[in-house]
Amino acid sequence: MQKGGFNFDLYQRNVELIEKNNYKVPKTTKTGTTIVGVVFSDGVVLGADTRATSGPIVADPNCEKIHKISDYIWCAGAGTAADTENTTGMISLQLELLSLSTGRSPRVRTALTLLKNFLFRYHGYISAALVLGGVDFTGPHLHMIHPHGSTSTLPYISMGSGSLAAMAVLETGYNSKMGEEDAKSLVHQAILSGILNDLGSGGNVDLCVIKHKSMEFFRNVDTTNSKRKFRKKLPYMFKSGSTKILEKEIEEKMRKMEIVNEKENAIEELEEL
Amino acid sequence: METYLGEKQQASQWSPYINNGGSCLAVAGEDFAVIASDTRMSLGYSIKTRYSTKYLKITEKCSIVSSGMQADIFTLHKVLKSRAQIYEQKHGKPMSTDAVAKLVSRLLYYRRFFPYYTFNIVAGIDDEGVGCVFSYDAIGTLERVKYSASGSGSSLIEPVLDNQVALKNRNDIKKEDYKLTKENAIDLVKDAITSAGERDIYTGDFVEISIIDINGTHEDKFELRFD
């Protein structure tokens, strides 16, 4: 287990690989992204878009960016997809073990500390920008975590390439006395703003509403932007043989069934079960 | 200045060029041509405008679409339009498609040492009434082809056209038995650019599509995704 501080074990190896072995640093899938979190009277609402990009190409038009840390603590992630998934997965694991060993339900601030300490150790090279929200026994909490490990606690947050578009909506619409429906609608509009105005964000809107001992996940709550508008009437037809057949081998799938034992009232017996 | 990964970072130099994204394509049939382009103008991760035309009708029998830098597209189209007008007024007849194609090539090569950042496709009907498509690089290399795609979505569109128009990598249909009808070509072009809009972030919003045949040019517009 890592004791603490910076871990630069692989620095020398990386430099050598690039200089001597002509190693090409692989392109990472970033999530582009608009992610948002808002605190309301009874809890928090998290929102995210669903587009994952690899450069200018959409790698996944409908991915899930809201990750579970524990039952009532969820985390939306922007940045490199592998980094957000693995970081949240690891901290979720550590939090579960911790809550089992302490015998207490997990707190949002614990997840926050675990995440920020982990990211700080990697000096910003783990490109995960997170919006952590949840309700524990001390109440609702919402935090933002930057890749370098700094955190902020705020009533409303937006991150990712679409954060400016989303923040414009949040700043206009937020008030501290919002109820659940208002908060959901505000988050929805903020994510939509990111989807429409930012090229790195797109697809559908995902929402997650967390209240005391209650979590509702609305996957793809708004799909109006992701419908294909034109499809040609005649489908693309490729007759058998359009790709050259080199070898043909036919395997029999159906095996003959042998009746070993026949029972008279077998069907009635099954129905009784 | 070296970063930890060993990359050498130079002070970033000013460049006169930017890429505003977008995709264009054209398909030629026996007696018609279909030409289309999207209308989204982007800069980085932002959308500057959802409608900025990349299409220009030069004559009733010939049109051009261009992708690349909007400023150069605008200027090239402006110059091309006025040159076509001058020709028509001098010779008493509109330019033939072959003449337009050559003119575009010359205009581009004129700027050999400070090129127009444009990737053009000219399409139309030639003097014999046969559909034609001409594709160019930034400095005016001219090639007559049956179909072409350019722009940010070109690598998504070109393979579809290779398979469906040129029948590449297909052993089920013989070229002699296959005829591309106007309706199929229009549907294919619309489908191809819609698919590019699904996976390319710089292609979207609206498409201007134009069908050129012996009766003239018919222009149309349809929507793509806005996200």
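Residue numbering restarts at 1 for every chain, and letters A, B, ... go by the order of the sequence lines.
- For the atom pair NZ of A/K229 and CZ of B/F206, the computed distance is 7.5 Å after rounding to the nearest 0.5 Å.
- Put simply, the side chain of A/P56 reaches to within 4.5 Å of the side chain of B/D200, judged on heavy atoms.
- No side-chain donor-acceptor contact under 3.5 Å links B/D227 to the backbone of A/I195.
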Please evaluate residues A/F230 and B/E223 with respect to the criterion side-chain contact (heavy atoms from CB on, under 4.5 Å), reporting the C-alpha separation (whole Å), side-chain torsions for both, the decisive distance (0.1 Å), and the verdict. CA-CA 8 Å; A/F230 175 83; B/E223 280 184 7; over 6 Å; no
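- Counting only heavy atoms from C-beta outward, the side chains of B/D187 and A/L234 never approach each other to under 4.5 Å.
- For the options B/R50, B/K190, B/R40, heavy-atom pairs under 4.5 Å to chain A are most numerous at B/K190.
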Check step by step if side-chain contact (heavy atoms from CB on, under 4.5 Å) holds for A/F238 and B/R170. CA-CA 8 Å; A/F238 295 97; B/R170 290 178 79 157; 3.8 Å; yes
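- When heavy atoms are compared at a cutoff of 4.5 Å, B/N169 approaches chain A solely by way of its backbone atoms N, CA, C and O.
- Contact annotation for A/N204: neither backbone nor side-chain heavy atoms come within less than 4.5 Å of a heavy atom of chain B.
- No more than 12 heavy atoms of other residues, nucleotides or ligands sit less than 6.0 Å from atom NZ of B/K48.
- Proximity to chain A involves both the backbone and the side chain of B/S195, based on heavy atoms less than 4.5 angstrom apart.
- Within a 6.0 Å radius of CD in B/E30, other residues, nucleotides and ligands contribute 12 heavy atoms or fewer.
- Heavy-atom neighbours of chain A within the stretch residues 135-163 of chain B, taken at a separation under 4.5 angstrom, comprise B/L156, B/N163.
- When the shell of 6.0 Å around CG of A/L164 is examined, it contains 12 or fewer heavy atoms from other residues, nucleotides or ligands.
- Remark: B/D172 CG to A/K244 NZ distance equals 14.5 Å, nearest 0.5 Å.
- Legend: residues meeting salt bridge (Lys or Arg N to Asp or Glu O under 4.0 Å) with A/K227, ordered by chain and number and at least two apart, are absent.
- To the nearest 0.5 Å, atom OH of residue B/Y45 and atom OG1 of residue A/T53 are 4.5 Å apart.
- Closest non-hydrogen pair, A/L199 versus B/S42, comes out as CD1-CB, 3.5 Å.
- When A/R228, A/K232, A/R231 are each tested for a salt bridge (Lys or Arg N to Asp or Glu O under 4.0 Å) with B/D191, only one passes: A/R228.
- Remark: the backbone N or O of A/S226 is paired with a side-chain donor or acceptor of B/R225 at under 3.5 angstrom.
- Ranked by heavy-atom pairs under 4.5 Å with chain A, the first of B/L188, B/T194, B/I193 is B/T194.
- Contact of B/L224 with chain A is made through the backbone alone, with heavy-atom distances under 4.5 Å.
- Residue-environment remark: CZ (B/F74) stays at or below the threshold of 12 foreign heavy atoms within 6.0 Å.
- Using a 4.5 Å heavy-atom cutoff, the side chains of A/R51 and B/I201 are in contact.
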